[in-house]
Amino acid sequence: AWWSPLGAHPLGSYAVEFEQLPGQTLTGKVVTVSGPVEATGTIELNGRRYTTDVMVSSKLGLEPQLRQAMSLLAQPIDDGFRIKLDGDF
């Protein structure tokens, strides 16, 4: 859930399916299990280096306050936001 000044708003349930072949980067696929807000994308970890590239959207449209909050850390795209982060631990 996302807590706004108006209270809790359910977002959904999500999962990450991880895979790592010997000597390769740990890769996770983000999937939406259920809920009004959809998230899809990838997460990678190679040594101490990480990369996240996740799209967040909703067929019903994102609530204005959630859109405003998302705009602080994500890039707006057609019908939602793209969260693209990378760095080192």
Side-chain angles (χ1 to χ4, degrees):
W2 172 67
W3 289 90
S4 80
L6 301 174
H9 301 273
L11 300 177
S13 296
Y14 310 94
V16 181
E17 299 170 353
F18 287 102
E19 179 180 40
Q20 185 175 26
L21 299 174
Q24 299 285 326
T25 299
L26 174 64
T27 302
K29 180 180 175 185
V30 177
V31 295
T32 301
V33 177
S34 66
V37 177
E38 298 176 13
T40 59
T42 59
I43 299 170
E44 295 182 349
L45 180 61
N46 189 355
R48 295 179 51 90
R49 184 100 183 131
Y50 68 88
T51 303
T52 301
D53 191 359
V54 178
M55 305 293 193
V56 177
S57 63
S58 175
K59 292 178 184 172
L60 304 174
L62 297 173
E63 178 181 310
Q65 289 182 332
L66 179 57
R67 289 187 68 79
Q68 183 179 9
M70 291 290 295
S71 71
L72 297 174
L73 63 102
Q75 174 186 4
I77 56 172
D78 295 336
D79 60 345
F81 289 88
R82 180 179 188 186
I83 303 169
K84 187 168 174 115
L85 306 169
D86 60 65
D88 294 313
F89 286 109

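Residues that satisfy the side chain to side chain contact (heavy atoms under 4.5 Å, CB included) test with Leu6, not counting sequence neighbours, are Ser4, His9, Gln65. Legend: residues meeting ring-ring contact (aromatic ring centres under 6.0 Å, His included) with Tyr14, ordered by chain and number and at least two apart, are absent.
Note that CG of Asn46 and OG1 of Thr25 are 3.5 Å apart. Values are rounded to the nearest 0.5 Å. Here OG of Ser71 is found 10.0 Å from CG of Leu66. Values are rounded to the nearest 0.5 Å. Taken to the nearest 0.5 Å, the CD atom of Gln20 stands 11.0 Å off from the CD atom of Glu44. We find the CD-OG1 distance between Glu17 and Thr27 to be 12.5 Å, quoted to the nearest 0.5 Å.
For the pair Gly28 and Val16, the tightest heavy-atom approach, listed with the atom from each and the gap, is CA-CG1, 3.8 Å. Of all heavy-atom pairs between Ala1 and Ala8, the closest is CB-CB, 4.4 Å. Contact detail for Val37 and Thr32: the closest heavy-atom pair is O-CG2, 3.9 Å.
Residue pairs meeting the ring-ring contact (aromatic ring centres under 6.0 Å, His included) criterion with at least one partner in residues 22-74, sequence neighbours excluded, are Tyr50-Phe89. Applying the ring-ring contact (aromatic ring centres under 6.0 Å, His included) rule to pairs touching residues 60-83 yields nothing, sequence neighbours excluded. Screening residues 68-87 for salt bridge (Lys or Arg N to Asp or Glu O under 4.0 Å), with sequence neighbours left out, gives Arg49-Asp86, Asp53-Arg82, Asp53-Lys84.
Residues Leu62 and Leu73 are members of one and the same hydrophobic cluster, defined by side-chain heavy-atom contacts under 4.5 angstrom among Ile, Leu, Val, Met, Phe, Trp and Tyr. When the side chains of ILVMFWY residues are joined at heavy-atom separations under 4.5 Å, either directly or via intervening members, Trp2 and Leu60 end up in two distinct hydrophobic clusters.
Within the 4.5 Å cutoff, side-chain heavy atoms of Val56 are placed close to those of Ile83. Between Val31 and Lys29 the shortest side-chain heavy-atom distance falls below 4.5 Å.
Applying the under-4.5 Å side-chain rule to Ile, Leu, Val, Met, Phe, Trp and Tyr, the cluster around Ile77 extends to Met55.
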Next item on the list: Using the side chain to side chain contact (heavy atoms under 4.5 Å, CB included) rule, take Val30 and Ile43 through it: C-alpha gap first, then chi angles, then the decisive distance, then the call.
Entry: CA-CA 7 Å; Val30 177; Ile43 299 170; 3.7 Å; yes

